[in-house]
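Here's the structure, in structure tokens; my notes come after.
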Amino acid sequence: QLQLVESGGGLVQPGGSLRLSCTASKSTFNSHAIGWFRQVPGKEREGISCISIGGKRTEYIDSVRGRFTISRVAANNTVYLQMNNLKPEDTGVYYCAADPYERVSCYWPYNYDWWGQGTQVTVSS
């Protein structure tokens, strides 16, 4: 079993930045593709970014491309999501998830076997 822990959420003003972390206690984390998802009340969980097992491939949805950067540090069993120029519509609970396979599309939540508990991000003035 792979346990994931997200951290780094909080309240930030529009235009501000946050860095989310997704950390696992096992190094097998590094043999999984990792996705970040966002959920707001009344809506389905939305995939926003992902990174391949080796970290060479990254993907972003249009609304965050150019503002968010996903990266991973194998030595720390951690994947980061650097979020800059945050907007109110970025508000939500952010989850990281692990998939043992590389997929053509990484935004389908049902492909992921392991999930963190989520961290709240609120962008408001």
Could you check whether any side-chain heavy atom of [X] comes within less than 4.5 Å of a side-chain heavy atom of [Y], counting everything from C-beta outward?
{"X": "Ser31", "Y": "Pro100", "result": "no"}
{"X": "Met83", "Y": "Tyr94", "result": "yes"}
{"X": "Trp36", "Y": "Cys50", "result": "no"}
{"X": "Asn77", "Y": "Asn30", "result": "yes"}
{"X": "Val121", "Y": "Leu18", "result": "yes"}

Main chain of [Y], side chain of [X]: is a donor-acceptor contact present, judged purely on distance under 3.5 Å?
{"X": "Gln117", "Y": "Glu6", "answer": "yes"}
{"X": "Thr91", "Y": "Thr122", "answer": "no"}
{"X": "Arg72", "Y": "Ser52", "answer": "yes"}
{"X": "Ser49", "Y": "Ile70", "answer": "no"}

Side chain to side chain contact (heavy atoms under 4.5 Å, CB included) against Glu89, all qualifying residues, sequence neighbours excluded
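If we apply the side chain to side chain contact (heavy atoms under 4.5 Å, CB included) test to Glu89, skipping adjacent residues, the hits are Lys87.
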
CG/Asp62 to CD1/Ile48 distance, rounded to the nearest 0.5 angstrom?
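Spacing of CG (Asp62) from CD1 (Ile48) equals 13.0 Å.
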
Any Lys/Arg nitrogen of Glu102 or Arg57 sitting under 4.0 Å from an Asp/Glu carboxylate oxygen of the other?
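Judged by the 4.0 Å cut-off on N to carboxylate O distance, Glu102 and Arg57 do form a salt bridge.
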
Restricting to pairs with a member in residues 22-39, which pass salt bridge (Lys or Arg N to Asp or Glu O under 4.0 Å), not counting sequence neighbours?
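Non-adjacent pairs meeting salt bridge (Lys or Arg N to Asp or Glu O under 4.0 Å): Arg38-Glu46, Arg38-Asp90.
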
Do you reckon Val93 sits in the same ILVMFWY cluster as Tyr112, going by side-chain contacts under 4.5 Å, direct or chained?
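In one cluster with Val93: Tyr112, yes.
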
Option from Leu2, Thr28, Ile34, Asp99 for which side-chain contact (heavy atoms from CB on, under 4.5 Å) with Trp114 holds
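Answer to the side-chain contact (heavy atoms from CB on, under 4.5 Å) test with Trp114 among Leu2, Thr28, Ile34, Asp99: Leu2.
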
Here's a test for you: under side-chain contact (heavy atoms from CB on, under 4.5 Å), which of Leu20, Leu86, Asn85, Asn84 qualifies with Phe68?
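Single pass found, and it is Leu86.
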
Donor on one side chain, acceptor on other, Thr23 and Thr78, under 3.5 Å
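Yes.
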
Quiz item: cation-pi between Arg19 and Tyr80, 6.0 Å / 45°
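Output yes; distance and angle both within limits.
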
Heavy atoms only: give me the nearest Ile61-Tyr107 pair and the separation to one decimal.
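That closest heavy-atom pairing would be N-OH, 3.5 Å.
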
